Amino acid sequence: MQVAGGAPDSVSILNLLPAICEYSALLLCREVHGLVIRRCLLAVVANGLVDTYCKCGSTVVARKVFDRLAGSRDGVSWGTMIAGYVYNSRYRDALELFQESRRLNVKLNRVSVVSALSAAAETADLDMGMSIHSYAVEEGVYFDVAVKTALVTMYAKCGEMEKAELLFDGIQKRDIIAWSAMVSAFVQTGCPRKAISLFQEMQMDGIRPNRVTLVSVLPACADLPDLNLGKSIHCFALKSKPDRVLDVSLGTALVAMYAKCGSFRSARTLFDGLLHKDVVTWNALINGYAQAGEAEKALQVFHQLQSIGQHPDSCTMVGVLPACALLNAIREGACMHGMVIKYGFESDLHVKNATIDMYAKCGDLPSSETLFLETKFYEDVISWNTMIAGYMHNGQASEAIATFHQMTSENIEPNLVSVVSVLPATGYLAALKEGLALHSYVIRLGFESHVPVGNCLIDMYSKCGKLDYACNFFNQMMYKDIVSWNVMLAGYALHGEAESAISLFSQVRDSGIEVDALTYLGALSACRHAGSVTEGKKIFESMRNNHRLEPHLEHYACMVDLLGRAGQLDDALSLIYTMPLAPDAAVWGALLGACKMHSNIRMGEIALENLSRLEPGNAAQYVVLSNIYAHVGRWTDARKLRAAMSLTGLNKTPGCSWVEIKNAYHAFIVGDQSHPQYESMRNLWNDLQAEMEKMGHVPDTTSVLQNVEEEEKEFFLDTHSERLAISFALLNTEAGTEIQIIKNLRVCGDCHTVTKLVSRITNRRIIVRDSSRFHHFENGICSCRDFW
DNA sequence: TTAGGGTTAG
């Protein structure tokens with residue numbers, strides 16, 4: 001038009017603007033702006049420019065044009081600028097502009113109201129949303145379908161589903177957008193069933209779903225999952241497209257649906273056949289694999305994405321980081337972190353938290369901590385929860401608890417996940433006071449009726465030695481899932497309460513709840529602790545016969561242990577030889593333990609041969625066999641084995657015991673003499689030892705590893721970590737106080753006997769939780785029936 | 001100038 005000579009008129013410019021928008025041609029927009037800038041700008045042209053600048057991504061210049069309009073601004077100018085901010089995700093700016101219009105008493109039209117509402121929805125700013133709602137009512141734009149639809153979405157995104165539903169029900173003539181908005185609201189608030197029934201209701205109302213409706217309802221099929229409905233939507237989508245070419249969003253939603261329904265072959269075929277794909281489509285496949293635990297596949301697709309030169313986005317990284325964590329692939333994970341930095345996704349919270357989690361799961365806590373300490377993320381509850389879970393994943397239970405406390409002192413409100421993450425730490429440490437405090441906290445937050453939280457509480461109480469509290473809580477739970485039954489069963493097993501466990505097991509079988517492999521493991525391990533061979537065999541058989549559950553390695557290890565302890569070593573060995581899975585170290589270890597108990601050298605050697613193949617670095621098994629040799633007097637063999645161990649540099653995991661005194665944890669490692677109170681502890685122990693000798697106790701040194709003189713062996717026994725912890729506790733608590741010790745390994749035979757005697761001499765109740773179970777010592781007796 | 005949509009961390 002310039003070739004023609006004259007300056008372009010307003011109409012030509014207005015006609016040109018939509019094309020500029022379509023191509024996001026910012027430079028062209030500036031040029032047009034330059035042409036009109038010296039003239040008296042008509043509001044209609046200025047509004048067009050504001051819109052075009054926003055669509056080209058430049059809200060700053062758009063705002064300048066808007067500001068320059070000053071007095072000649074009309075309702076459309078305000079609506080355009082607010083909508084422009086929303087278009088560019090500058091929701092706070094949109095809301096501020098809305099508030100400014102209120103201060104200036106400008107009358108806004110329905111477009112401005114709709115845009116402002118969507119900004120309030122995106123920022124989940126309920127107060128703001130409600131004030132826009134009142135404004136809409138005052139100004140009489142409230143009866144508009146678009147305004148009502150925007151209100152429905154705003155309330156849904158602010159978590160006010162009841163209000164959203166009420167408003168939706170009140171819309172007289174619902175259009176397809178209103179229906180789709182409500183379907184989407186149900187999907188996003190985790191109500192897939194409601195979404196699907198609304199989707200069906202809409203069709204009965206005579207409204208034919210469009211592309212957006214289908215894309216909105218597909219995640220509901222994935223969440224349920226309902227593969228058949230997903231497939232029928234796929235057919236519907238193809239039928240309504242004569243060329244059968246799916247658009248990117250619909251293709252992506254379908255890929256995600258198939259992947260989440262576990263139908264990876266369909267997901268892959270569809271994905272490969274899609275004509276239009278973007279990075280989100282790739283993410284759907286990558287995340288589908290990652291969430292199903294198919295980490296290698298996820299990474300494989302990621303590398304394929306890179307090989308075609310497509311750049312990942314932040315969601316891609318959120319998919320691949322957990323895949324690295326799953327594979328414990330720290331190097332790959334660190335490369336992903338590098339990529340996050342390269343592409344500038346560091347400021348994305350999802351990415352940051354996934355990176356923190358990846359490092360923690362791969363055992364690199366310092367890297368997690370460094371990322372976490374970057375202040376900006378310090379305010380996010382998920383970052384805190386990730387850190388708590390990360391500490392727990394690495395066995396740092398006291399760090400997990402400390403982090404939880406720090407979080408509350410920083411005024412970050414813990415949520416359900418925080419509680420579920422920190423409760424296992426209190427169980428791990430048997431930190432009852434902490435556990436009780438958390439329980440009251442749970443009640444205050446109103447989380448007590450939440451099933452996973454309740455399950456954690458049962459587990460915590462039983463691990464803290466309070467089986468009665470665990471039972472009471474379990475019995476009063478309104479809703480239980482299979483996990484509730486499983487943790488209760490495991491609690492009975494941990495406390496050696498086989499009868500209660502077996503009766504609970506038959507209750508759950510009769511209750512109609514579907515039992516799983518862990519239910520069986522709980523029941524079997526209760527039988528193991530009680531030595532109930534017949535019952536255990538029956539349960540093991542019914543696993544396959546009645547529930548079609550294939551026993552896992554853990555079940556076999558448990559059965560071998562049960563049979564072996566009962567002296568049925570041949571049956572145990574033939575079970576190992578006939579099992580369909582390749583026996584692992586736990587299975588052979590159970591046999592070895594039983595061989596020690598019954599001094600069976602022939603079988604012990606078979607077990608050790610297999611163990612040294614499976615776990616060449618683990619010394620514990622060698623110790624057991626050398627103990628068997630020593631026990632039957634084959635000293636030369638015992639010595640040879642120990643010499644071979646020291647040559648190959650095998651190390652035994654050092655024993656460690658903890659005790660809680662006045663809210664502080666004290667840890668003792670075997671042989672540690674560095675404690676400030678060591679002298680007094682030693683003296684106290686010598687006195688106890690003299691008493692024990694008077695009672696006729698002769699130390700059983702067969703569990704001592706070192707090849708030394710008998711007297712020295714006794715000294716080594718005396719430095720076993722549980723004895724250090726017990727003497728420390730005796731020194732630092734009032735007479736008569738109960739003592740609770742936790743140990744990382746199993747208690748040895750002599751420590752077991754000695755603890756019984758100490759409980760009698762000192763008149764204390766002593767509870768020891770070792771890696772296998774609880775031992776209650778009182779007045780010279782121990783509650784457990786299966787110990788030596 | 002406007003409302004609904006695909007992938008996302010603990």
Side-chain angles (χ1 to χ4, degrees), chain A residues 21 44 47-48 50-52 54-55 74-84 86-87 109-118 121 141 144-154 156 175-185 187-188 210-219 222 246-257 259-260 278-288 290-291 312-319 321-322 325 345 348-358 360 377 380-390 393 415-418 420-421:
Chain A
C21 290
V44 62
N47 291 345
V50 168
D51 180 45
T52 312
C54 288
K55 293 270 170 66
D74 57 10
V76 176
S77 320
W78 287 87
T80 312
M81 194 60 230
I82 296 174
V86 172
Y87 185 88
N109 60 14
R110 48 201 274 283
V111 177
S112 317
V113 171
V114 166
S115 301
L117 279 172
S118 109
V141 288
D144 186 273
V145 190
V147 171
K148 279 207 174 167
T149 306
L151 277 167
V152 166
T153 304
M154 182 276 293
D175 59 7
I176 181 127
I177 296 176
W179 282 99
S180 305
M182 197 63 218
V183 167
S184 168
V187 171
Q188 284 170 10
N210 66 8
R211 215 166 35 86
V212 178
T213 329
L214 299 184
V215 171
S216 307
V217 79
L218 275 168
L246 293 170
D247 103 293
V248 191
S249 312
L250 197 48
T252 305
L254 283 166
V255 169
M257 181 278 295
K260 283 188 187 155
D278 62 9
V279 66
V280 185
T281 321
W282 284 85
N283 294 347
L285 192 63
I286 293 172
N287 295 328
Q291 281 177 0
D313 71 359
S314 58
C315 286
T316 323
M317 304 320 288
V318 174
L321 283 163
F345 302 144
D348 185 298
L349 252 184
H350 290 252
V351 174
K352 179 70 85 179
N353 289 332
T355 316
I356 295 175
D357 188 52
M358 180 277 296
F377 301 97
D380 176 49
V381 64
I382 297 183
S383 310
W384 286 90
N385 294 349
T386 310
M387 258 345 275
I388 293 171
H393 185 85
N415 62 13
L416 281 167
V417 181
S418 327
V420 170
S421 306

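This is a predicted model, so every value here is computed, not measured. Quick note: numbers below take in every heavy atom, side chains included, and nothing from hydrogens, waters or symmetry partners.
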Closest to side chain of [X], choosing from [options]:
X	options	result
A:Val215	B:dT2, B:dG10, B:dG5	B:dG5
A:Lys260	B:dT8, B:dG6, B:dA3	B:dT8
A:Lys55	B:dT1, B:dG4, B:dA9	B:dT1
A:Ser249	B:dG6, B:dT1, B:dA3	B:dG6
A:Asp278	B:dT1, B:dG4, B:dG6	B:dG6
A:Val381	B:dT8, B:dG10, B:dG6	B:dG10
A:Gln188	B:dT7, B:dT2, B:dG5	B:dG5
A:Val417	B:dT8, B:dG10, B:dT1	B:dG10
A:Pro219	B:dA9, B:dT7, B:dT2	B:dT7
A:Asp175	B:dG6, B:dT1, B:dA3	B:dA3

Is there a donor on the side chain of [X] or the base of [N] sitting less than 3.5 Å from an acceptor on the other?
X	N	answer
A:Asp380	B:dG10	no
A:Ser184	B:dG5	no
A:Asn415	B:dG10	yes
A:Thr252	B:dG6	yes

Base, sugar-phosphate, or nothing for [X], non-hydrogen atoms under 4.0 angstrom?
X	result
A:Asp247	base
A:Ser180	base
A:Val248	base
A:Thr355	nothing
A:Asp51	sugar-phosphate
A:Ile176	base
A:Ala146	base
A:Asp144	nothing
A:Ser421	nothing

Would you check if the side chain of [X] reaches a backbone N or O of [Y] as a donor-acceptor pair within less than 3.5 Å?
X	Y	value
A:Asp278	A:Thr281	yes
A:Ser184	A:Ser180	no
A:Asp51	A:Cys54	no

Interatomic distance, [X] [atom1] vs [N] [atom2] [rounded to whole Å]:
X	N	atom1	atom2	answer
A:Ile177	B:dG4	CD1	P	9 Å
A:Leu218	B:dT7	CG	C1'	13 Å
A:Asn287	B:dT8	CG	C1'	7 Å
A:Trp179	B:dG5	CH2	C1'	18 Å
A:Asp313	B:dA9	CG	C1'	14 Å
A:Asn47	B:dT2	CG	P	12 Å
A:Asn353	B:dG10	CG	P	9 Å
A:Met81	B:dT2	CE	P	13 Å

Are OP1 or OP2 of B:dT7 and a side-chain N or O of A:Gln291 less than 4.0 angstrom apart? no
Quick check: do A:Leu250 and A:Leu218 have side-chain heavy atoms less than 4.5 Å from each other? yes
Would you mind reporting whether A:Pro312 and A:Met317 have side-chain heavy atoms less than 4.5 Å apart? yes
